[in-house]
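Naming: A, B, ... by sequence-line order, numbering from 1 per chain. All figures in this text were calculated on a predicted structure; none of them were measured in a lab.
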Protein chains: 2
Amino acid sequence: MIPYDLIRKKQQGRAHTPEEIRFLVDAFTGGNLPDYQLAAWLMAVYFQGMTIDERHGLVEAMIGSGQRLDFSHLDGYVADKHSTGGVGDKVSLVLGPLVAACGVYVPMLSGRGLGHTGGTLDKLDAIPGFRTGLGLDTFQRLVAEVGICIMGQTDDICPADKQMYALRDVTATVGSIPLICGSIMSKKIAEGIRGLVLDVKWGSGAFMASLDEARTLARALRETGEAFNVDTMIRITDMNQPLGRAAGIWCEVQEAVEVLEGGGPDDLAALSKTLSVDILRLAGIDHPDQAVEEALSSGRAREKFDEMVAAQGGDVKALTDAVMHRPAVTIPLKAPRSGCLQAVDTYACGLSLITAGAGRRRQDDGLDPSGGFILEVKIGDEVQAGEEIGRCFGADRGKVEAAAGELAATLSWGEEKVEPPRLVVE
Amino acid sequence: MIPYDLIRKKQQGRAHTPEEIRFLVDAFTGGNLPDYQLAAWLMAVYFQGMTIDERHGLVEAMIGSGQRLDFSHLDGYVADKHSTGGVGDKVSLVLGPLVAACGVYVPMLSGRGLGHTGGTLDKLDAIPGFRTGLGLDTFQRLVAEVGICIMGQTDDICPADKQMYALRDVTATVGSIPLICGSIMSKKIAEGIRGLVLDVKWGSGAFMASLDEARTLARALRETGEAFNVDTMIRITDMNQPLGRAAGIWCEVQEAVEVLEGGGPDDLAALSKTLSVDILRLAGIDHPDQAVEEALSSGRAREKFDEMVAAQGGDVKALTDAVMHRPAVTIPLKAPRSGCLQAVDTYACGLSLITAGAGRRRQDDGLDPSGGFILEVKIGDEVQAGEEIGRCFGADRGKVEAAAGELAATLSWGEEKVEPPRLVVE
């Protein structure tokens, strides 16, 4: 096969064979296809798309570039959740221990935050001693022993995706649905799971700005999951405002723990439960709603979280230590006028976290674990001028002040009463 | 300016400023823009196109990457011709000396053959001693002294185009009209010419397969020429069959000399005269038709060719030496049936030259100067079964036999009488 001919084929809108896609992925991963040729091909894919069969060929090739885990020896259902990302989304920290407490095994390979989105690993890294860089052997052992392990991608799982993503990131080809689908599904399927719940976010803080785009991605993800015999459940959920009240690093860990203790913000608790019930339903567990409620009210979900933290070397006492990552600077956020919150520029909320020091512009940026914000208002809420509606915090006064200004500017106020957006759309 | 943002801008179909295009070209040429980012941008240009202003920015930036010649000190009009390429097109070899004999200065920077198309330099290189790799000083001196010099691109003229073309060539982005326009016009304008005749080929052996595409390219070329104050004349001409009878290396030199001596195939002679008259008209020469006829019939055009050959170190006697590059093997081509020639796959004719050894698959392939074919029939001609309609020749029997088979397969025969295609469409 000649790379030029394959670029030309995709450029003309013709479909590749699985062999052609495997050839491209393998040649690139093996250093036998120059990155300028893959870059041209990726841009052609951006414009011409991919058929179902091509997407499956891509997923197959990416899985084949590394190791595929096997948990078939375990005595229970093995499942995971993936979210397409947003601001304040700490559902993984709740859902993982919660479904593990209900008997589902959760091998969760997570990512770090970049740009406006946060990442589960950054939050776990803020727990003193917690190790997110384990070997695959340890990962598999902890999944079997504890029921859950959350760690970072390793070079053994889908190395092709890592290399391709690095190229997509600098060639403006990240936002292509078949490539997004390939990237998500190859990594999840390689985890050796039987069930997968996908939380596709739509809205001002999501990669899919419109509901239509979110539905197109959801369809692609579902088709791919089914083709690889993974029980796949898709939810399309709201990211037109931050999820929960807290966004940042340590404040998100604290909020996740609140939900595990039966409290926390309504939206975060509701979404965490919905997605957990979905997983239990895939697992064939009877009365999944009751099981979830019982795991929370009994304290077993909260205990499972501690168990996971301890198993991964983390200091469990830190979770209840009031001075842990206490921000040096806190600036209150006040309502600039009386009225109703009409809309939130959630993407800009995420960027304000970078300003505060709690987000990354580039992959090698450092993070301030004490940084973040609390936003007490939701779309549709009515406030009085001057009322405190939240706060920004972190280690550096200048950064926090700038972030507070940016955050305030993300909120649109008006006279008119607006309906709150639906949290779980479908 | 951030390269990522510029890729994204073009991907979304928004127009660049001239500064943005200059930034991309300069950064790439200076080694400050990785080729994978330019490759992604080129593919985005392929899909989204460019506005007039963007095209002019591209031409300006490419010219600015090198030297721009100046012939304003000369006492006459300075002009050149460019063809988009095809099979059997040896018009430059005729037109250059012909218009130079009429007093027009011709600084002609030419190219080599690649794929199905031939190149003027390869033909001149077949003249023993002829040097096509002169310095720009010698080039300018010979243009002034002889009236014409034909040589290869140098690194001093539009180096950005050379680098970008090398990348386009391996990323399937050669066939983009704004990029074709930028590549052609930057090099021609940098020659320091006042007038330019462009021969845009359309048909089965041209880069523009349809008349519509050819017209689109022609429009882009004309607009750019006008924007840079170059008198620009465009012809759209037929490439649905080889031009003239001969295609290859030395056989094309011989056929060009035949036309300069007042003979040669009708189509080649007619097109050479039409384009020469166009240049003389741009130059403001009175009665350009008569001037062309007179330069041919008087022998002055033929003498100018010898003068050019001698000035560039070539052996003039070789042109009349009957054994020069005489092919070791000649295989006659016979009509497989009685009937009318309906169509020619001219692209495949060009590829058969590669098989014969007289064309290049890759830039570093060697050439057999004795290789080529003569095709005596034109679309619309009627033949009897078994009648000799041409011949294939070259140094290697196996190659020539294979080429003859390929060439025969390019010809479509039928009962029906068809009209010959119009040579000069507009």
Side-chain angles (χ1 to χ4, degrees), chain A residues 1-14 16 20 24 27-29 31-50 114-116 163-180 207 209-210 213 347 351 361-363, chain B residues 1-14 16 20 24 27-29 31-50 114-116 163-177 179-180 207 209-210 213 347 351 360-363:
Chain A
M1 277 180 250
I2 299 167
Y4 178 92
D5 295 340
L6 301 182
I7 300 170
R8 187 102 183 94
K9 189 171 183 180
K10 181 44 67 187
Q11 183 186 54
Q12 294 176 341
R14 287 179 288 143
H16 289 301
E20 288 171 350
L24 285 169
F28 177 64
T29 314
N32 300 314
L33 180 74
D35 40 19
Y36 51 80
Q37 287 194 309
L38 195 74
W41 181 79
L42 289 167
M43 187 60 85
V45 170
Y46 181 93
F47 282 99
Q48 297 288 17
M50 276 186 166
L114 188 65
H116 77 288
Q163 279 179 260
M164 283 173 69
Y165 192 89
L167 188 59
R168 287 165 60 202
D169 195 33
V170 291
T171 54
T173 50
V174 166
S176 155
I177 284 184
L179 298 178
I180 294 171
F207 285 102
S210 76
E213 282 176 276
Y347 178 78
L351 296 184
R361 207 175 306 275
R362 299 155 46 102
Q363 283 182 339
Chain B
M1 278 180 249
I2 298 166
Y4 178 93
D5 295 341
L6 300 182
I7 301 170
R8 188 101 182 94
K9 189 171 182 179
K10 179 46 66 186
Q11 183 186 54
Q12 294 175 341
R14 288 178 288 144
H16 289 301
E20 288 171 349
L24 286 169
F28 177 64
T29 314
N32 300 314
L33 180 74
D35 39 19
Y36 52 81
Q37 287 193 310
L38 195 73
W41 181 79
L42 289 167
M43 187 60 84
V45 170
Y46 181 93
F47 282 99
Q48 297 287 16
M50 278 187 164
L114 188 65
H116 79 287
Q163 278 179 261
M164 283 173 67
Y165 192 89
L167 188 59
R168 287 165 60 203
D169 196 33
V170 292
T171 54
T173 49
V174 165
S176 154
I177 284 183
L179 299 178
I180 294 171
F207 285 103
S210 76
E213 282 177 276
Y347 178 79
L351 296 185
R360 284 193 193 85
R361 208 175 307 273
R362 301 155 46 104
Q363 285 182 338

Practice problem: Let me see the working for B:V170 and A:I7 under side-chain contact (heavy atoms from CB on, under 4.5 Å), right down to the final yes or no. | Solution: CA-CA 9 Å; B:V170 292; A:I7 300 170; over 6 Å; no
Self-check item: Toward chain B, the part of A:L167 with a non-hydrogen atom under 4.5 Å
Solution: side chain
Self-check item: Toward chain B, the part of A:D5 with a non-hydrogen atom under 4.5 Å
Solution: neither
Practice problem: Evaluate whether atom CD of B:Q12 has more than 12 neighbouring non-hydrogen atoms of other residues, nucleotides or ligands under 6.0 angstrom away. | Solution: yes
Search all heavy atoms of [X] against all heavy atoms of [Y] and return the closest pair with its distance.
X      : Y     : value
B:T171 : A:Y4  : N-CD1, 4.4 Å
A:A172 : B:Q11 : O-NE2, 2.6 Å
B:F47  : A:Q48 : CE2-NE2, 3.3 Å

Quiz item: If you count heavy-atom pairs under 4.5 Å between each of A:A40, A:P34, A:A39, A:A44 and chain B, which one has the most?
Solution: A:A40
